[in-house]
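Within every chain, numbering begins at 1; the chains are lettered A, B, ... in the order of the sequence lines, protein sequences first and strands thereafter. This one's a predicted model, so the numbers in the text were calculated from it and none came from an experiment.
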Amino acid sequence: MQTSIPKGTRDFGPAEMSRRNYIFETIKSVFRLYGFQPIETPAMENLSTLLGKYGEEGDKLLFRILNSGDFLTNVPDDKFQERASGSFAPFISEKGLRYDLTVPFARFVVQHRNELVFPFRRFQVQTVWRADRPQKGRYREFYQCDADVIGSDSLLNEAELVQIIDQVFRRLNVRTVVKINNRKVLAGIAEILGQADRITDITVAIDKMDKIGLEKVKEELLQKGVSAAAIDKLQPILLLEGDTTQKLASLRSILAASEVGQKGIDELQTLFDYVATFDLNTEVELDLTLARGLNYYTGAIFEVKAKDMAIGSICGGGRYDDLTGIFGLPGVSGVGISFGAERIYDVLLHLDGFPKESLESTRALFVNFGKAEEAYILPVLYRLRNHGINAEIYPEADKMKKQMNYANRKEIPFVVLAGANEMQENKFTLKNMSSGEQQLVSSEELIKILSRHEVI
RNA sequence: GUGGAUGUAGCUCAGUGGUUAGAGCACUGGAUUGUGGUUCCAGGGGUCGUCGGUUCAAUCCCGAUCUUCCACCCCA
């Protein structure tokens, strides 16, 4: 029988799981350090919650769940005849798999607003699904690791998110650069250009600056119907030189006529002032070409890139002023970030950055020689486990070669042998599998040696 | 969603319009009845992605479909 799994999904074996858990645990522990609390939401949401929140593209990428039971009976005859999936679909599907963690979170906040303590700091590490066409580093099922603060306008939140990013990548030993921009500044730019209604086209185009270059961006803008005069005015903004302070200063004069632009610059200034007082490993820079696709961002936007590997962003986020408004709770501002665990995995693999001990599962294997030996071993095994030592006994009295081979394959560092000789002396032979050395020890010594956590 | 490539043993890959399709690694057994990683010997395992067409004959040629990969769109 041929087995397979759906397109764009993956299995994870034990070795991959321990590496992935290392990443998840690192991220979660930093989230906890900053006072964030975990929540989980269901894999599926009502389509009414999901639809229309990610733009037209996003709606197409939603996985929809077929209604259970005899789902065709609810379809009116005329819809059935039309064969148009657009009008047909609502009758046969009312649930979908979540597309990200932010929208379900917004729904969660609205639904539980009376139980929550605001400002609410939550983190969430769960799978999301997108019916995208898979390629390298892009899957139809993947994890997101989100932290958001909701119910606070303070820019201190943005500043602390930068600290969190720094702390996570410091612990993972990945050199990064954090790029920051502000959606209000982008709106200001569109306003100055006299193209306030084209803000989406403009931001999408200038987001491609580092990828396709200035000339292509200008071409794309022309094609989208932005006037040549406006593009000429845009050019000096994209080519701003100098450090952050200088960039902000020149931007302030360029955007003098835009109120929203000035507001954005103020916010950026405050954020960078905070960040300047932190002792960070990561570089933090102002990048006016950073746009981020998601259209619910309204203030700061972040993106993190690895310095030692070209793989796109490994973390991103921003402020959204009214995400809960669509669920009937207006005026609640939030800001959050999302770590891309799958890409961080690829970066660590590339840098050989996974710690050796994260792979070890069993510390000691007891060789099985037979029933009498089993009875001798089991109480000691129980004691080892009570001391927090991962240990196992081979379940059958198979050939030594096979049992030793099992230890090799599982990369178990110690093997314990206890047969007639050892039983007579009430001792155990402890073998170090990497050096091949072995010693005769008591059960007390066994526990003592195996409790040491050094890597061998 | 658009364009291009790909699919042969568990894995990495050879190969041919014509008898029983191969290698390395892995697996199982033996050399070796309390000592693994090395070596040697033997063995099991494939409707050559799936369906259809051309042909006396297809794993090979053609078409469709699915998978994986690459670029675009978009994104983590």
How long is the line joining CD of A:E57 and P of B:C73, in whole Å? 11 Å
Can you give the dot-bracket line for RNA chain B, where a pair is Watson-Crick or G-U wobble with both atom distances under 3.5 Å, crossing pairs use [ ], and | marks a partner on another strand? (((((.(..((((....[...)))).(((((.......))))).....(((((..]....)))))).)))))....
Can you check the distance between B:A58 and B:C51, where both ends of the measurement are the C1' atom (answer in whole Å)? 15 Å
Protein-nucleotides 3-12 of chain B N/O pairs under 3.5 Å:
| from | atom 1 | to | atom 2 | distance (Å) |
| --- | --- | --- | --- | --- |
| B:G3 | O6 | A:R133 | NH2 | 2.8 |

Heavy atoms only, 4.0 Å cut-off, all strands: where does A:Q135 land among base, sugar-phosphate and nothing? base
With P as the reference atom in both, quote the distance from B:U16 to B:A76 in angstrom, rounded to an integer. 46 Å
Which residues pass the ring pair (Phe, Tyr, Trp, His ring centres under 6.0 Å) test with A:Y394, sequence neighbours left out? A:Y406
Between B:G17 and B:C73, how far apart are the C1' atoms? Round to whole Å, please. 42 Å
Which nucleotide, B:A76, B:G37, B:C69, lies nearest any side-chain atom of A:N408? B:G37
To the nearest angstrom, the CD-P distance between A:E411 and B:G37 comes to 16 Å
Between B:U12 and B:G49, how far apart are the P atoms? Round to whole Å, please. 14 Å
NA contact type, A:Y139, heavy-atom cut-off 4.0 Å: base, sugar-phosphate, or nothing? base
With heavy atoms under 4.0 Å as the rule, sort A:G436 into base, sugar-phosphate or nothing. base
All salt bridge (charged side-chain N to carboxylate O under 4.0 Å, His left out) counterparts of A:E219, not counting sequence neighbours: none
Considering only the C1' atoms, how many Å lie between B:G46 and B:A21, rounded to the nearest integer? 9 Å
Indicate, with a heavy-atom threshold strictly under 4.0 Å, whether A:G8 touches base, sugar-phosphate, or nothing. sugar-phosphate
For nucleotides 26-35 of chain B, read 5' to 3', which letter fits each nucleotide if B means a protein heavy atom sits under 4.0 Å from the base, S means only the sugar-phosphate is that close, and - means neither? SS--SB--BB
Mind checking the C1' distance from B:C69 to B:G29? Whole angstroms is fine. 39 Å
Residues passing the salt bridge (charged side-chain N to carboxylate O under 4.0 Å, His left out) test with A:E374, sequence neighbours excluded, are A:K371
